Each structure stands twice: as C-alpha cells, then as structure tokens.
S.K.: 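Have a look at the structure that comes next, please.
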There are 2 protein chains.
Amino acid sequence: MARPYHHGDLRTALLDAALQAVEAGGHASLSLRELAAGLGVSHAAPYRHFANREALLAAVASTGFDRLAQAWLAAWQGAGPAGAGPAARLRLAARAYLGFATERPALFRLMFQGPAPPGAEAAFAGLQATMAAALPGAAVAVVKARSIALWSALHGFAWLCVEGRIRPAMLGPLAPGALLEAVLDAALGPLPAAPG
Amino acid sequence: MARPYHHGDLRTALLDAALQAVEAGGHASLSLRELAAGLGVSHAAPYRHFANREALLAAVASTGFDRLAQAWLAAWQGAGPAGAGPAARLRLAARAYLGFATERPALFRLMFQGPAPPGAEAAFAGLQATMAAALPGAAVAVVKARSIALWSALHGFAWLCVEGRIRPAMLGPLAPGALLEAVLDAALGPLPAAPG
DNA sequence: GCCGCCATGTTGACATTGACAACTCGAAAC
DNA sequence: GTTTCGAGTTGTCAATGTCAACATGGCGGC
C-alpha cells in the first residue's frame with residue numbers, strides 16, 4: 001500500500017507528533033526534519049502548513065493552553081464534595097494547575113516562553129472568572145489583582161518545581177505536603193467561607 | 001600590532017561577551033562561532049574553556065545568580081529609612097528582585113531554564129536568611145515555607161511580566177502600581193510590624 | 001468526460017551551527 | 001636549551017532551518 005502523494009491531514013498530524021515530541025524530549029530538541037521523517041513526508045512538507053519552526057511550536061503551546069483552561073474549569077466546576085464553597089473549589093483548581101505542570105513539564109515550559117500563543121489569554125480569563133465567583137461582590141480591580149497574584153504564585157511555584165529548583169535538601173524539616181498547602185494558602189489569600 | 005597567539009584571558013572574555021550577547025538578543029540566538037569571531041579567535045577556541053554551548057550558558061546564568069543575590073542583599077541591608085522594620089526591608093528586597101528581572105529580562109529567562117547553575121541555591125539561601133530575620137522566633141519549617149511561597153510569588157510575577165503575559169488590556173480599571181502593591185502584599189504575607 | 005488550476009508534497013540546494021580530531025604555537029618548568 | 005603541555009588553529013562532518021523550483025493529483029468549470 002503505497003502512501004498517497006497527499007497526506008490527507010498533515011497539519012494535525014504534525015501538531016500531534018510535535019506535541020508528543022515536545023512532551024518526550026522538550027521543545028529545544030524538536031527537529032522539523034525528524035518530525036517530517038517520522039510522518040513519512042519530505043523534509044520541506046511542514047512548511048506548507050507552518051511558516052517556520054516557531055509557528056509550529058506556538059500552535060502546540062496554544063493547544064496546551066486549551067488543555068490547561070479545560071483542566072482548571074473542570075476542577076472548578078465538576079469536582080469537590082457536594083456543596084463545597086468557592087474557596088475549596090478554587091483550591092482544587094489551583095491543584096489542577098500544579099498537576100498540569102508536573103504531569104506535562106515540557107509542554108508547560110514551552111507554553112510560557114516567548115510570545116503568548118492564542119489561547120493564553122482565554123486561559124487566564126477562566127482563572128479570573130473563577131476568582132470573581134469566589135469573591136462575590138468584590139470590585140473588578142480587586143478581582144483582577146487577586147487573580148494575577150494567584151496566577152503569579154501558582155505559576156512561580158509550578159515553574160520552580162518543574163525546573164527542579166526546589167530541592168528536597170532545601171526543605172529540611174518541612175514536609176513536601178505541608179509546603180504545598182502553605183503555598184496554596186499564600187497563593188489563594190483570604191477568601192469568604194462557604195455559604196451556609 | 002599582530003594579536004598574540006594566546007589570547008591571555010579568553011575565558012573571561014567569552015563570559016563577558018556571552019553575557020552581553022544574551023542580554024542583547026536572548027540566549028537562544030547566541031552562537032559560539034559568532035562569539036569567537038567577535039573576540040578575534042578561531043571558531044573552536046571556546047571549546048578549550050567550555051565543554052559546549054550549554055556549559056557557557058550555565059556559567060553566564062551563574063553570574064546572573066550572583067548578581068541577583070547581591071541585589072537582594074543590598075536592598076535588604078543597605079536601604080530603607082533608618083530604623084525600617086524587617087517587613088519594609090523585605091518589601092524593598094522583593095522590589096529589587098522584580099527590578100532585576102525587568103532590567104535584565106533575557107538574563108533572567110536564561111537563569112531559570114534548565115538545570116540549576118552554581119549560585120542558584122546560594123541566592124535562595126540569601127532570600128531565606130532575610131525571611132528568617134523578618135520572622136524572629138519562627139520555626140524553621142515556617143521560615144522555609146514562607147520563603148518558598150515568597151520566592152514563588154515573586155518569580156511567577158516577574159516571569160509573567162518579563163514574558164509579556166500581563167497585558168494592560170487585562171488590567172482594566174486596575175492601575176499597574178496598585179497591581180504591584182497587591183502582588184507584593186500577597187507574596188510577603190503577614191509579617192510582624194517594626195519593633196518599637 | 002475532459003481540462004486546467006493550485007493546494008499540497010518533493011527534490012535539491014545553501015548557509016549556519018555545534019562539535020570533534022589533528023596539528024601547531026609558545027610560555028613556563030626543569 | 002630542551003621538554004612539556006595548556007591554549008589556539010585549521011579542517012571537517014552531520015544536522016538543521018529555510019528557500020526556490022518543480023511535480024502531483026484532486027476538484028471545480030466547461
């Protein structure tokens with residue numbers, strides 16, 4: 001069965017393969033030629049679908065943001081014991097953010113480097129919407145400030161973990177679980193309790 | 001005046017040039033050959049002093065951590081109105097961290113990518129020492145947890161700013177200055193007031 | 001049913017780069 | 001004065017991103 005001249009859906013095939021390659025070896029070692037060879041097309045075929053290497057990586061990063069936003073919203077909407085208050089749900093979403101980063105470290109690294117790909121702002125908008133729901137009646141400026149503070153703390157902790165910058169030797173008597181809770185407390189800040 | 005066969009101090013010359021090149025164009029576009037040509041040596045000369053490109057970049061990152069630690073300690077030790085309490089001094093140090101990141105964005109990006117270069121842990125140790133001074137009598141585990149929470153929040157905010165992920169359009173009615181203060185408040189957390 | 005268009009792939013080429021091997025220079029040690 | 005060896009050079013190779021020129025074949029218009 002000879003391959004047809006036209007691949008059929010090379011664009012999505014490239015995206016899938018690139019995502020896999022990034023997760024496997026990091027975006028730095030991704031080679032367009034290797035990718036093309038793996039899909040059985042010539043080394044210049046990818047240029048029919050992406051202007052250059054950077055554009056392909058940006059597309060991969062974009063799908064990463066879609067997944068991250070999805071994970072965040074799923075944790076916020078679906079989960080938690082019935083009747084859990086916004087504070088508890090926000091904490092679950094924050095855990096989802098950290099879980100995403102630690103489960104897909106290479107994708108996470110790619111997502112937050114270079115110019116923001118499409119989807120990045122939408123992901124933050126999701127975070128902000130949940131923060132608004134957790135702070136009923138708060139002023140817009142307050143919600144935005146708290147959202148960025150939360151995002152910063154979560155992102156910083158995730159990044160430092162993913163890059164291996166928080167070494168067990170640095171923790172001393174502090175248990176990793178306790179550290180996680182302390183970081184979450186600081187990141188989330190004061191929140192109103194669950195409504196009775 | 002013919003150049004002597006031996007450069008004299010090629011290693012430090014390479015480090016200086018690499019630092020400049022990184023700050024000018026980012027570490028991704030740094031080329032060993034270009035660097036060597038700029039210093040008037042052959043394209044293979046750098047390999048006598050650094051195992052590979054990565055090793056040179058790691059050395060640059062290491063000096064970056066030295067400077068960051070220095071900036072942090074200087075802000076903590078030297079500055080502030082006389083008699084300022086630990087909380088105010090810690091806030092100044094935090095501002096110094098953010099200032100470092102925004103003034104040398106490309107170096108900052110390099111420093112926090114890949115394996116931690118020598119000097120990275122010492123820089124964090126400096127942060128932790130100041131936190132310990134700002135929380136007199138606190139348990140070691142508490143100091144460590146608070147230090148990492150502070151580091152995470154600062155680093156996350158700095159990174160998002162440096163990468164242009166916090167766009168003015170996202171702020172709405174929130175003034176940038178107010179955002180900075182809010183992030184600092186959240187990052188620093190509750191601290192004891194200045195001693196009478 | 002035939003034909004031409006053009007998106008999609010292919011081949012070929014080029015410059016750049018990181019990296020290694022083999023050679024050479026010259027300053028310092030003896 | 002000779003030797004040694006760190007430091008720099010030349011030459012080379014493979015891999016890669018990118019572009020230009022060409023080939024293919026499916027689809028719409030006739």
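So that the names make sense, note that chain A is the first sequence line, chain B the second, and so on, each numbered from 1. When reading the values below, keep in mind they use all heavy atoms of this one structure, side chains included, and skip hydrogens, waters and symmetry mates. Since the model is a prediction, treat every value here as computed from it, not as a measurement.
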S.K.: Side-chain N or O of A:S31 less than 4.0 angstrom from OP1 or OP2 on D:dA15?
M.R.: no
S.K.: What pair of heavy atoms forms the shortest contact from B:A123 to B:F65, and how long is it?
M.R.: CB-CD2, 3.9 Å
S.K.: Which whole-number value in Å describes the distance from A:L32 CG to D:dC19 P?
M.R.: 12 Å
S.K.: If you take all heavy atoms of A:L90 and A:L191, which pair is closest and at what distance?
M.R.: CD2-CD1, 3.9 Å
S.K.: Determine yes or no for a side-chain-to-main-chain donor-acceptor pair under 3.5 angstrom, with B:R53 supplying the side chain and B:L30 the backbone.
M.R.: yes
S.K.: With a sphere of 6.0 Å drawn around CD of B:E181, does it hold more than 12 non-hydrogen atoms of other residues, nucleotides or ligands?
M.R.: yes
S.K.: Find the distance B:L39:CG to D:dT9:P and express it as a whole number of Å.
M.R.: 11 Å
S.K.: Need the bend value for the helix from C:dG1-D:dC30 to C:dC30-D:dG1: angle between end axes, 5 pairs each end, nearest 10°.
M.R.: 10°
S.K.: Could you tell me the separation between the CG atom of B:L10 and the P atom of D:dG8, rounded to a whole number of Å?
M.R.: 5 Å
S.K.: Using a distance-only criterion (donor-acceptor N/O pair, under 3.5 Å, no hydrogens), is the base of D:dT18 paired with the side chain of A:R33?
M.R.: yes
S.K.: Run the side-chain contact (heavy atoms from CB on, under 4.5 Å) test against A:Y47 and tell me which residues pass, sequence neighbours left out.
M.R.: A:L32
S.K.: Counting any heavy atom closer than 4.0 Å, what does B:L30 reach on the DNA or RNA strands: base, sugar-phosphate only, or nothing?
M.R.: sugar-phosphate
S.K.: Examine the base of D:dG8 for any acceptor or donor lying under 3.5 Å from a partner atom in the side chain of B:H43, and report the outcome as yes or no.
M.R.: no
S.K.: Below 4.5 Å, heavy atoms only, C-beta onward: do A:P190 and A:R146 meet side chain to side chain?
M.R.: yes
S.K.: Flag the pair A:W159 / A:F112 as yes when their ring centroid distance falls below 6.0 Å, and as no otherwise.
M.R.: no
S.K.: When you measure from every atom of DNA chain D, which of residues 44-63 of chain B have a heavy atom less than 4.0 Å away?
M.R.: B:A44, B:A45, B:R48, B:H49
S.K.: Angle between ring planes, A:H155 versus A:F108, binned at 30° and 60°: parallel, tilted or perpendicular?
M.R.: tilted
